[in-house]
Every structure is written in structure tokens, then in C-alpha cells.
Amino acid sequence: MLSIIRSIYLVFLRMFRPRFTVQYPEEKIKLPARWRGRIVLTRDPDGGERCVGCYLCAVACPVDCIALQATEDEHGRRYPEFFRINFSRCIFCGLCEEACPTYAIQLTPDFEMSEYDRQNMVYEKEELLINGEGKYKGYNFYNVSGLKTGEKDKGEADNENPPIDVRDLMP
Amino acid sequence: MVTIHIDGTSYQVDEQQNLLEAILSLGLDLPYFCWHPAMGSVGACRQCAIKIYKDENDTQGKITMACMEPAKEGTYLSLNDAEAKEMRSHVIQWLMTNHPHDCPICDEGGECHLQDMTVMAGHAYRRHRYNKRTYRNQYLGPFINHEMNRCIQCYRCVRYYRDYAGGDDLDAFAAHNHVYFGRHEDGVLQNEFSGNLVEVCPTGVFTDKTLKSHYTRKWDLTTAPSICHHCSMGCNIIAGERYGSLRRIYARYNGKVNGYFICDRGRFGYEFVNSDKRIQQPMLRKERNADPEPTDKQTILRHIAERIQNNDRVIGIGSPIASLESNFALQQLVGENRFYGGISNSEDRLVKTVINILRQGPARTPSLKEIENADAILVLGEDLTNTAPMMALSLRQAVRNIQKKIAQKLNIPYWQDAAVREAAQEEYSPCYIATPAGTKLDEVARKSMRLAPVDIARLGFAVAHRISNDAPGVDNLSKELASLAAEIGESLKGAEHPLIVTGTSCRNENLLHASANIAAALKNAGAQPSISFTMHDANSMGLAMMNAGTLAQAKHEVQEGNADTVIILENDLYKRIDEDAATEFLDQCQHLIVLDYLHNKTTSKAEAVLPVSAFSETFGTLVNQEGRAQRFFEVHIPAEPVQAGWQWLKDLSTAAGKNAMSDWQNFHDFTRHLSNAMPQFKDIEAISPPPGYRVADQRIPRQSHRYSGRTAMHAHHNVHEKKTPQDKDSAFAFSMEGYRGQPPPSMIPLFWSPGWNSAQSINKYQIEVGGGLHGGDPGKRLIEPQEKADSPYFKNIPEPFEPGENRWLTLPGYHIFGSESLSMHTPGVAERAPGPYLSINDHDAAQLNIKDGADATYVVADRPYTLAVKINASLPRGVVELPAGLPGLPTAILPAWGKFSEASE
Amino acid sequence: MNPIVQNLLIVFGVLFGALTMAAGLIWIERRMLGLWQDRYGPNRVGPFGIFQVIADMIKIFFKEDWIPPFADRTIFTVAPAIVVATVLLGFAIVPVAPNVFVVDFNIGILFFLATSSIGVYSLVLGGWSSNNKYSLLGALRGTAQMISYEVFMGLSLMGVVMMTGSFSLHSIVEAQQGMWFVVPQIVGFVIFIIAALAETHRLPFDIPEAESELIAGYHSEYSGMKFGMFFVGEYLGITLISALTVTLFLGGWLGPSFLPPFAWFSLKTLVVILFIVLLRAALPRPRYDQLLSYGWKVLLPLSLLNILVTGAVILATG
């Protein structure tokens with residue numbers, strides 16, 4: 001009984017406290033860098049597309065709103081032929097970012113992407129790809145994978161020995 | 001059966017198995033790499049460590065490899081023992097020290113045995129801080145991609161390629177930490193079964209290059225069980241689709257048919273489905289000489305309905321590559337007596353002879369699995385590697401049956417692969433091959449003979465006579481052949497499971513008679529022979545069982561004026577009969593209606609062309625050369641207005657006001673009516689469950705439970721998602737929703753089991769590893785020999801072959817890549833196909849003074865062909881071989897007599 | 001003035017006042033809840049957001065008025081009207097000022113109790129005719145709750161009646177000239193507030209509609225203006241019980257003469273309403289069985305005791 005009265009009293013006292021509400025759009029809030037907003041595709045430090053088209057974001061997506069097709073350039077480097085996110089379905093859960101092995105897909109602190117026409121919520125690679133590394137600087141997936149690409153030969157990636165000479169008999 | 005005790009629980013297992021097989025057969029999980037159910041154990045990878053105890057009181061135990069230990073009565077073992085587990089996690093940790101950080105860009109990712117086993121063994125964190133080993137890759141041809149960095153040195157690839165498939169251009173090189181699996185130099189892998197490396201390799205060293213060109217993960221494919229359409233063997237396959245195009249073919253395990261493997265033509269020949277030569281729209285020619293114009297479904301149906309309404313001069317020409325149901329629908333549309341099979345007279349006679357032989361006895365036609373049990377083999381006239389590749393693979397296993405006996409004598413279990421091979425060396429069961437030209441199987445044959453087809457038949461008759469004197473003897477047999485016949489006869493007679501293989505590729509009826517005589521003679525001599533015939537097309541057998549007329553009869557009807565409208569179903573007549581004859585026939589048809597999926601010469605002659613779905617876009621039933629009826633299912637829905645042949649024919653029938661098929665609602669109705677209408681097909685309805693079939697009230701999903709992109713894949717066209725299409729024709733669903741357990745064996749859309757994402761999950765679908773599927777292997781045999789095996793001998797023994805003066809017997813030479821036209825739409829297959837050539841015996845060439853590689857002008861059926869000459873010393877004299885099936889060469893009229901034109905000198 | 005015209009004026013005045021109050025309450029409640037929850041509440045439509053009500057009304061009028069195909073159409077339509085009608089009937093007996101009242105029944109309190117128990121039909125019929133298991137569960141809960149609390153609501157007022165010696169609300173107000181009944185009848189006052197909240201199934205006793213358990217309970221299937229009627233009924237109910245609390249316990253229109261009686265009455269009613277809103281902001285919803293056992297095991301004996309003590313005191317003081 002007393003606790004009820006105490007609750008009523010305490011809630012009554014909230015009248016004299018400042019309010020938390022931010023009067024958006026007149027006032028804007030500074031969002032933290034890890035805010036889960038608009039999704040972008042980033043580039044590696046050398047300017048190449050980070051996305052290698054591994055489909056892990058697509059499979060992690062709980063609403064299945066990511067579709068892509070992997071393809072290869074003439075040197076064997078993988079990239080997405082198309083990459084589409086249907087933002088009218090996206091729930092900004094960030095699982096795609098967690099699944100991404102190359103830091104390519106990242107969520108950014110931007111949520112102002114409303115549209116009057118739902119069709120405009122479908123973003124293609126051209127709209128998603130930015131000219132930067134986003135939150136994770138300095139990572140280049142191809143430097144740690146063993147694949148030969150246009151930029152590097154076998155054995156030139158980080159922590160790799162030069163290719164084995166099969167005819168070498170030395171132990 | 002023996003009792004073994006695993007972690008305190010007792011199980012009954014087969015004593016023929018090793019412990020790994022027993023454990024997996026029980027449904028328990030144990031990681032492994034080098035063992036493969038088709039290839040036995042070598043104990044190379046040390047991954048399947050378990051702890052084994054002396055008796056039930058032993059607590060110490062010792063670590064051992066499950067794959068190297070037989071299942072003995074009273075074995076006590078532990079899978080969960082801490083030491084065994086630690087051992088397994090250490091082994092995988094070592095295997096992973098050099099494995100690259102590649103999974104995102106590796107085509108194996110998501111169905112990788114190494115990924116599965118790493119998770120299963122519990123290795124989660126890399127402690128190795130040093131550099132990784134790298135290798136240079138090789139170019140291995142248009143089908144297989146090589147990425148050697150990923151190798152974990154399990155040796156499965158070379159064991160499969162060399163020991164199982166009989167290849168010789170893939171090997172292990174270098175030593176210790178540098179072992180390299182590849183060819184001695186860059187180049188195309190020559191073996192016809194190289195595609196199976198993709199499935200055999202536990203990781204991504206060998207991957208599918210055709211898949212790579214439109215890469216899709218396993219979980220993103222819409223898959224359904226299908227049947228390979230590229231030869232008569234009826235291999236079970238799984239076809240996968242994404243974004244409206246067919247992405248890849250995988251082997252679908254069938255314990256009775258193809259087992260774990262398929263040939264490269266079946267695996268890589270699928271791209272005709274995505275070809276830009278596909279017919280997308282109905283085409284209509286308004287005037288006889290006008291150009292065909294694309295039109296819509298209603299217009300074309302109306303147009304054709306006008307032609308066939310109240311017209312009793314309509315005939316239909318079926319096809320040996322179309323399904324039973326499509327052929328049956330055509331037969332229903334035009335009437336029973338107006339339906340023709342669409343194959344040449346000669347081929348029609350051959351397949352009907354085959355059916356008669358099989359129906360009357362004397363012998364049963366074996367399945368591919370049963371062929372592997374044969375212990376004495378006679379091949380008459382077939383280059384199996386090229387005409388029925390998977391049968392060649394089965395024969396390669398069959399010739400090792402003697403090794404089983406050797407191993408038994410030495411008390412070595414047969415799964416001890418390395419030991420058995422060491423003990424048996426190159427000892428093979430008797431296999432005799434008589435063909436016009438050399439074949440790849442010759443290397444495992446005890447004797448191989450190069451003879452003209454009639455001489456092969458004579459040899460066969462002689463063998464029959466040798467086995468049983470009741471069989472007619474052969475006069476004027478050369479001494480050499482007579483002694484050969486004696487040897488073959490003795491070895492067949494002495495065998496437990498003698499097998500005679502022949503087929504229609506030589507197009508010689510005598511061969512079929514001869515092999516029937518051998519089988520009958522063996523039967524009379526008290527043996528249990530089996531006899532197998534290869535055929536030309538995927539449904540040759542099924543079409544022949546429909547007892548339809550031939551093309552010549554159809555032509556006669558048109559010429560006599562009894563027919564003016566001809567409906568051709570999925571059949572390019574130019575590949576069936578002589579080109580001039582085909583043109584003449586098609587020109588005589590007043591109204592030519594063609595249903596097909598690819599533009600070809602026949603469609604270009606048509607007044608109306610209807611776009612038909614390819615094999616992955618529809619349902620159907622095929623009968624393979626064994627007489628086994630098998631069903632293939634729609635994987636993906638083709639773009640409107642493309643639809644199944646049977647659907648078009650039903651629509652035509654309805655549009656023309658006929659009610660023969662008007663109340664047939666779905667594919668199953670076609671099957672049901674077919675099995676009612678023709679007693680020879682009465683079993684086909686039961687091949688797969690009806691469309692109303694549900695497991696726990698659910699359909700079987702075509703998509704994996706992790707199918708991705710559902711709400712985005714079509715969003716660029718329209719952000720509002722379309723309703724999932726409903727499948728009225730089968731119990732499959734076009735979605736990821738449905739029953740997730742094991743479906744009935746005829747309806748397995750993909751092999752997957754929790755923790756087993758790779759093809760190795762097949763273990764979970766089998767009664768015992770390497771055995772049949774739960775619920776029985778799919779397919780129904782339609783032909784069983786009559787009980788009383790008292791079939792009369794054939795007595796029409798041909799005269800021996802006489803090479804003529806400047807006339808050569810021209811025979812078709814088959815090629816796995818090139819002789820089959822659909823697969824030629826895959827760029828890789830076209831690349832592997834031979835160019836046009838003419839091959840001839842070296843003595844004949846010397847006599848004619850032609851050099852190898854020079855051009856020669858060769859006249860056959862009065863038409864000259866200028867071809868590069870290939871000297872083939874194995875050909876008999878007086879015989880010329882032309883590659884079969886290549887465009888521009890006369891395959892349909894062979895065998896024929898030809899001559900070298902004067903100009904060629 | 002013609003007495004008929006005057007009566008009509010009063011009738012429409014009370015009607016208008018009650019309905020305006022109910023509408024205004026939507027805004028007041030949302031703003032006050034905002035205040036107590038450290039936020040603003042509606043502040044975009046008009047000054048301080050007071051036109052939010054109008055916006056909401058426009059919206060609710062234009063919503064699809066949907067009747068589920070499985071529902072009983074007639075009853076489904078009638079149910080929301082019942083709640084508004086019964087609550088409005090209750091207003092007839094409330095004396096706003098010494099001479100501003102619709103009617104002065106000598107059994108005013110009994111009339112109020114009667115109308116408020118008819119209100120339960122709205123819930124029962126609405127929940128039943130929706131033909132939906134959650135709605136039916138809501139209706140069942142509502143019935144049990146309202147029937148139970150009606151008992152103590154009546155009993156809690158008996159102290160007031162005994163002290164006044166009349167059921168007429170006019171007389172009750174008059175009897176509070178010396179002292180508001182809230183002082184001698186403090187127990188009755190508390191019980192009445194609790195019972196009245198339960199009777200109007202107002203938070204924290206919104207058990208029949210509990211969103212988190214019954215997805216809006218008896219009015220799950222309602223939309224558009226039919227839903228609006230339930231809504232209006234609820235706010236009218238709050239106004240009515242506040243007005244009655246003022247009349248019965250807080251001296252009605254009585255107050256120092258610098259303000260007219262009407263103003264006193266309105267002011268007091270507003271304060272009670274704000275208190276009820278504060279309860280919503282502060283208290284969680286009790287469990288259903290707790291509510292009933294609390295009623296029967298605590299409030300019923302307490303109210304009986306109150307009558308006993310009141311009676312004894314009246315007897316003793318003569």
C-alpha cells in the first residue's frame with residue numbers, strides 16, 4: 001500500500017524534471033558511429049571494392065532483403081555483379097555487417113531515408129557503394145586470402161610463403 | 001551382424017564394415033576425410049580417431065583410426081572420450097595450419113566437408129602464428145578449377161581419379177609438406193569423370209568452373225531431383241536454379257543406378273537450358289514463305305486449333321528425348337494410329353529388337369550397381385566410355401571383383417583399399433572387348449579385339465556356340481577368332497555373374513542377336529547371365545515401348561496425302577534421318593507445327609513453333625536402357641509463355657474442341673492416364689508420390705531453409721513481392737517452407753543434414769553407408785524377363801566383313817563431348833568436342849597415300865566431305881570412322897559405304 | 001425563462017460539456033502522461049498540440065469501418081453505443097451547481113449504480129459478438145471484474161448516504177456544507193475510487209483489454225468510429241466518476257465564494273481526473289486473480305466495516 005503511494009508520489013515528481021525528447025527535425029541528435037542506419041558498401045584502402053560476393057550477408061539477413069550475384073574480373077578477383085538491398089524490408093538488425101568477412105557491408109549513422117514511393121527504397125550497388133573505408137580502416141581481405149588477384153601473385157599476401165617449387169627436393 | 005559397444009550403448013552392425021562405416025551407418029557423427037564409401041579406407045588423414053578398449057573393464061583404451069579397424073563382435077569403443085576428441089581436434093588443427101583464409105571467395109564454402117569437419121571436431125581458434133604454404137595452380141580445362149592452396153592432402157582426388165575412374169593424368173607430386181595434386185603440366189583433365197572431383201574433394205581445390213561463371217551458394221539454389229537427359233543411362237541428378245537460370249548439376253545418389261557419381265557430360269552439359277538459342281516466344285509464319293514472327297499464346301493456339309479442328313489428316317511425331325507424358329499427350333491429341341516415334345527405321349528396328357530380347361528372356365538387364373558385381377564381361381561393339389559413360393565406370397569397378405576374391409583369400413577386408421590393391425596388383429576379372437576402334441576400357445580388358453561390326457557379331461555367335469552346342473555355329477571362322485571365342489566362352493561359362501554388354505551405337509542388328517544367343521546359351525548351360533544394351537537417347541527405351549510407327553511411315557502417310565498437318569515434338573529430324581530426306585519430308589508437310597526448346601533446322605521449317613520447357617523446367621518420366629522408369633521434377637518455372645510439351649498439347653487439344661485431355665488437371669493426371677492406357681507402363685504412376693502427398697501436412701520444399709534474397713531478388717522490377725507460385729503438379733513447394741526431414745527417396749531435392757552441409761550428408765540418407773536410400777532407391781523397372789527362359793536362338797549369322805575396292809564401311813565414332821547435341825550448347829563441352837575428322841587404319845592410309853592431319857575428300861551418300869584425316873591404327877582395315885553427332889557430318893545415315901574422291905590425292 | 005427551454009439548455013449544456021471534456025481528455029491525458037514520463041506528448045498540431053484531438057477525430061472518421069465476416073453484425077454494431085449511452089445517462093443526476101442539474105432524483109445514487117451496471121453489457125456483447133477468442137476472454141474478465149466491484153462501489157457509498165440520510169445527490173452536496181465527506185468517509189472514498197476505476201476498467205485495472213495479454217481484448221476486432229465509441233465511452237466514464245467523486249466526497253460545487261459554484265465543481269473534477277491520469281502513469285496492471293481476490297477479500301470486508309463503524313458513530317452521536 002505504501003509502496004503504491006510512493007510510486008504515485010515519485011511519478012508525480014517527474015513533472016519537475018527536464019524532458020528527454022529531442023525535438024527532431026528542429027533539433028538533431030549526434031548519433032554514435034556504430035549506429036545501425038543506412039547500409040553502405042565500402043572500399044578497401046587501395047580503392048577496390050571490398051565486397052567479394054560471398055553471399056554471407058544475404059544468408060544472414062533475417063528478412064532476406066539482400067540479393068546479389070558474384071562474378072570475377074579477368075584476374076580472378078571476386079566482386080558483386082549486382083548488389084541490391086530492399087530497404088523497405090530491411091530491419092537494420094546489423095546481422096549482415098556481422099556476417100561480412102571483408103568489412104564491406106557496414107551500417108552507418110544515417111536514418112533519414114524515407115520515401116513516398118516504396119520502389120525508391122530498393123537500392124542497387126551504385127547507390128550503396130561509397131568511396132571510403134567506413135568504420136574499419138586499413139583492412140584488405142585479399143591481403144590475407146591466398147587467392148591470386150590482379151594486384152598480387154601467389155605468396156605475396158600477408159603471412160604467406162612464396163609458392164612451392166614442386167620439383168624442389170630439399171626438406 | 002555383430003554387436004559393438006559405443007560409449008556404453010550396444011549396437012548391431014554388419015561385420016563386413018569397418019568401424020567408421022558402422023558408426024556412420026548407425027547415424028552417429030565422426031569426422032573423416034580420406035575415407036569415401038565408394039573408395040574404401042587408407043587411413044591417411046588420421047581424422048576419425050576413436051578410443052578402443054580391450055574389453056568392458058578396460059578403462060585405459062588406445063587411440064585408433066575407426067576406418068582401419070574392422071567391426072568385430074564385442075568391440076568396446078568410445079567416440080566421446082576426451083583423448084580421442086582432443087586427438088581429432090589436433091589433427092584438424094594441423095590440417096588447417098596451411099589452409100587459406102579463402103572461404104568467402106571459395107566455391108566450396110557452404111557445402112565444404114572441411115568446414116563441417118572443423119566445426120564437428122571443435123577446432124575454433126588458430127594458434128599457428130607462422131606463414132602459410134602456397135602453391136601455383138594449374139589450368140585443368142574448361143570444367144574444373146584448381147586452387148591448390150586449399151589442399152589438405154587427403155589423397156582422395158588421386159585415389160578417385162586414378163583408382164576408381166581409371167584416369168592417368170592427375171597425380172600426387174613432390175614430397176613431405178610440399179605434396180601437390182595436379183597434372184604433370186597445365187592441361188585439360190582427360191578423364192570423362194573428372195567432374196566428380198568437385199564432390200570427392202573435401203574442400204575447394206577442385207571446383208566446378210561452369211558454376212563459377214554464375215556462382216551461387218548451395219543454400220541459394222532452388223533444387224529438385226532430376227534425371228540426366230544426355231544419354232540412355234538415366235543417371236539421377238540434382239539440378240539447381242537461381243535468378244531464372246540453371247546453375248549447376250550435382251549427382252543424386254541412387255544405390256541402384258549411378259551411385260555417387262555422374263559423368264562430365266551429365267554434370268556440365270546443362271547450359272543449353274540457359275542458351276540464347278532457346279525459343280522464348282511462339283513463332284508463327286502467316287504465309288508459307290513469310291518469315292516467322294513472334295506471337296502470343298492465344299493467337300498461336302487459335303491458329304493451330306483451326307488447323308487441327310475437324311481434321312483427320314493430322315499426325316504426330318514423338319521424340320526419344322521427350323518424356324513419356326509428352327509423347328503420350330501427343331498420341332492422345334492425334335490418335336493412337338497417327339502417332340509416330342520420330343526415329344529412323346533402322347534405329348526403330350534396333351530398339352524393338354532390344355525390347356523383344358529383354359522381354360522374352362533369356363537374361364535380365366542389370367542395373368549399373370549390378371553391373372559392378374559382374375565377374376566376366378563381354379562387350380560387343382560399344383565404346384562404352386563415349387556412348388554410356390557411367391556403364392564404363394561401373395565396368396571399371398566390376399573388373400576388380402577378382403581382387404575381392406584375392407583379398408578374401410588373404411584375409412584382407414575389401415575396404416582396406418591400399419592393401420587390396422597391393423595384394424592384387426593389376427589382376428582384373430576377365431573382360432573382353434570387341435569394337436571397331438580402340439576404347440579407353442581396353443586397358444582393363446583381358447583381350448580387346450578390333451573388328452568390323454559383322455565380325456563382332458560373328459564372334460558373338462561363335463561364343464554362344466562354344467558355350468552351348470544348341471546355339472548355331474559360325475562357318476568359316478578364322479582360327480584366331482575361333483580360339484578367342486573358345487576363351488571367352490570358357491570364362492563366361494565359369495563366371496558367377498557373366499555379363500554381356502552391347503548396344504545400338506554400331507547400328508547392327510546382328511550384334512544384338514549374337515548377344516542374345518550368348519545369354520541364352522549361358523542360361524542353358526546353367527549360368528545366371530545378365531545382358532545390358534545401351535541406347536542412343538534418354539528415352540529411347542520408353543518411346544520404343546509405346547510401339548509407335550517410324551519416321552518412314554510418317555513420311556509415307558504425308559506422301560500418300562493421308563496427312564497434311566504434322567506436329568513434331570522436341571525432335572530435330574535432321575539428326576534422325578538423312579538431311580535431304582528430312583528437307584523433302586518437311587517440305588511436303590502442308591502445316592508443320594513444332595514444339596521445341598532450341599531453335600534448330602526443323603523449327604526453321606515450321607509454320608508454328610511452340611516454346612517448350614527444357615528438362616529442368618518441367619516434369620516427366622524417362623525409361624533408361626535398363627528399363628527403369630524414373631521421374632524428373634520441375635526445378636524452376638520458365639518465363640511465360642514457355643510451358644511443358646504435355647501442357648501445350650493439352651491446350652491445343654482443348655483449343656481444338658477435343659475433350660480427350662480436357663479434364664486432366666496436372667502432370668500426375670497425364671501419368672495416371674498413361675499408366676491406365678498402356679499396361680506396359682502401369683507401374684509408372686507409383687514412381688513418386690502424387691501431388692496431394694504431404695509429410696506432416698507439409699510439402700517438400702525446393703529451397704533450402706537458408707534460401708536468401710527472397711524479398712530483394714525481384715525488387716528491382718517491383719518492390720511488391722509476388723505470391724509464391726503453387727505447384728499443382730507435385731508435392732514440392734516453390735519455396736523454403738515445408739517438411740525439413742527426409743523426404744521419400746524419389747523426392748530428395750538436395751542432400752543436407754544438420755552439421756553435414758556437403759555431399760557427404762548422403763550418409764544420413766542411406767540405410768547403411770554406400771547402400772540403398774531409406775525407403776528404397778527410386779525408379780521402377782518396367783521390363784522383367786519371362787520366367788520360362790526358353791527363347792529360341794537367332795540363326796541369321798552374317799557373312800564376314802569384306803573390305804571393298806575403294807569403298808569403305810563408314811561407321812559413327814562416338815565422343816562423350818560432341819556426339820550429343822544438347823550438351824554442345826555448353827561452351828566447355830563444345831571446347832572439348834573434336835573437330836570434324838575422318839579416321840582410318842594406317843595401312844589403308846598408306847595405301848591411299850594420305851598423311852595424318854592432311855585433308856581428304858570423302859564421299860558418302862553421294863555427298864563429298866572434306867575432313868582432316870586421323871590415322872587410327874586400331875581400326876580394322878576397310879573401315880572409316882566419322883565422329884557422330886557433329887553438325888555438318890552425316891551421322892543419321894551411318895553405317896554406310898563411302899569412298900575417297902579423286903580430288904583428295 | 002421558460003423552464004422547458006432552461007431544462008433543454010441544461011441538458012444540452014451537460015451533454016456538450018461531458019463530450020467536450022471527454023474529447024479534451026484525450027489531449028490532456030497524453031500531455032500529462034508525457035509530463036510524468038519525461039517527454040512532451042502531442043505538441044505538433046496547433047498550439048501545445050491541442051488540435052491533436054481534431055486530427056485524431058478526422059482520422060478515426062475516415063478509417064475503414066470494418067465488421068469481421070465472422071462477427072454477429074447487429075450486436076457488434078450496438079455494443080459500442082451502449083457504453084456511451086449508459087455513461088451519458090449517468091450524467092443526468094450530477095448536480096453541477098445548486099441550480100444546474102438535469103434531474104434531481106431522490107434515488108440519484110441508485111440510478112448511477114444502475115446505469116453503470118448496464119455498461120457491462122457493452123463489454124460482454126462487444127466481446128462475444130466479435131467471435132474471437134481474445135475478445136471473449138476480455139469480455140469474461142470484464143464481466144467478472146465489473147460485477148465484483150459494483151458490490152463494493154455501492155457499499156462504499158452507503159456511509160455517505162447514511163450520513164446524509166438521502167440518496168439524492170443534491171442533498172448529499174448540501175450535507176457537506178460543514179465538512180466534506182472525504183474526511184469522515186476516508187475509507188469509503190478510497191474504496192469508491194478503486195471500485196470506480198475498476199468499474200470503468202480504467203488503467204491500472206484495464207484487465208479486459210490488456211494489450212499485452214489479450215491484444216486489446218473485447219475491442220480487438222473494432223475499428224473506425226465503433227472503436228472510437230468505446231474510446232469516448234471510456235473517457236466519459238472517467239469524467240463521470242470524477243464528477244461523482246467530487247459530488248459525493250469533495251463537496252460538489254461548494255467552495256469559497258470568489259469563484260462561482262460551477263467553477264468550483266469543474267476545478268475539483270479536473271483535479272480528480274488528473275489524479276486518475278497520474279495513477280495510470282504510476283501503477284502497473286495487477287494480475288487478474290489478484291484483482292478479484294483483492295476485491296472480495298479486502299475491499300468487501302473493509303466496506304462492510306466502514307458501514308458498521310459509520311452506523312455505530314451515527315447511532316452514538318444521535
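Computed from heavy atoms alone, side chains included, the values below leave out hydrogens, waters and symmetry copies. Sequence lines set the chain letters: A, B, ... in the order given, protein chains first and strands last, and positions in each chain run from 1.
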For the backbone of B:L246 and the side chain of B:N274, can you confirm whether one donor and one acceptor N or O come within less than 3.5 Å of each other? yes
Specify which of B:H176, B:R217, B:M713 makes the most heavy-atom pairs with chain A at under 4.5 Å. B:R217
For residues 151-164 of chain A, give me every residue with a non-hydrogen atom less than 4.5 Å from any non-hydrogen atom of chain B. A:D153, A:K154, A:G155, A:N159, A:E160, A:N161, A:P162, A:P163, A:I164
If you count every heavy atom of other residues, nucleotides or ligands that lies below 6.0 Å from A:Y103 atom OH, does the total exceed 12? no
Which region of B:R150, side chain (C-beta onward) or backbone (N, CA, C, O), has a non-hydrogen atom less than 4.5 Å from a non-hydrogen atom of chain A, or is it both or neither? side chain
Heavy-atom distance under 4.5 Å to chain A: side chain of B:A175, backbone, both or neither? neither
Answer with side chain, backbone, both or neither: which region of B:Y215 has an atom nearer than 4.5 Å to a non-hydrogen atom of chain A? both
Side-chain donor-acceptor pair under 3.5 Å between B:Y139 and B:E185, yes or no? no
Decide ring-ring contact (aromatic ring centres under 6.0 Å, His included) for B:Y155 and B:F181; before the verdict, give the C-alpha distance in whole Å, the side-chain angles of both, and the deciding distance to 0.1 Å. CA-CA 8 Å; B:Y155 282 75; B:F181 297 91; 4.9 Å; yes
Contact class of B:S213 relative to chain A, heavy atoms under 4.5 angstrom: neither
Any side-chain donor near an acceptor of the partner, A:T108 and A:D110, under 3.5 Å: no
Side chain, backbone, both or neither of B:Y243 within contact of chain A (heavy atoms, under 4.5 Å): side chain
Main-chain N/O of A:V63 paired to B:T711 side chain as donor or acceptor, under 3.5 Å: yes
Side chain A:E133, main chain A:G138, donor-acceptor under 3.5 Å: yes
If you tally heavy-atom pairs under 4.5 Å between each of B:H714, B:H214, B:E147 and chain A, the highest tally belongs to B:E147
For B:H128, is it the side chain, the backbone, both, or neither that has a heavy atom closer than 4.5 Å to a heavy atom of chain A? neither
Best-contacting candidate, B:I105, B:D102, B:N137, against chain A by heavy atom pairs under 4.5 angstrom: B:I105
Cut-off 4.5 Å, heavy atoms of chain A, and the answer for B:N718 is both
At a heavy-atom separation under 4.5 Å, does B:H178 approach chain A through its side chain, its backbone, both, or neither? both
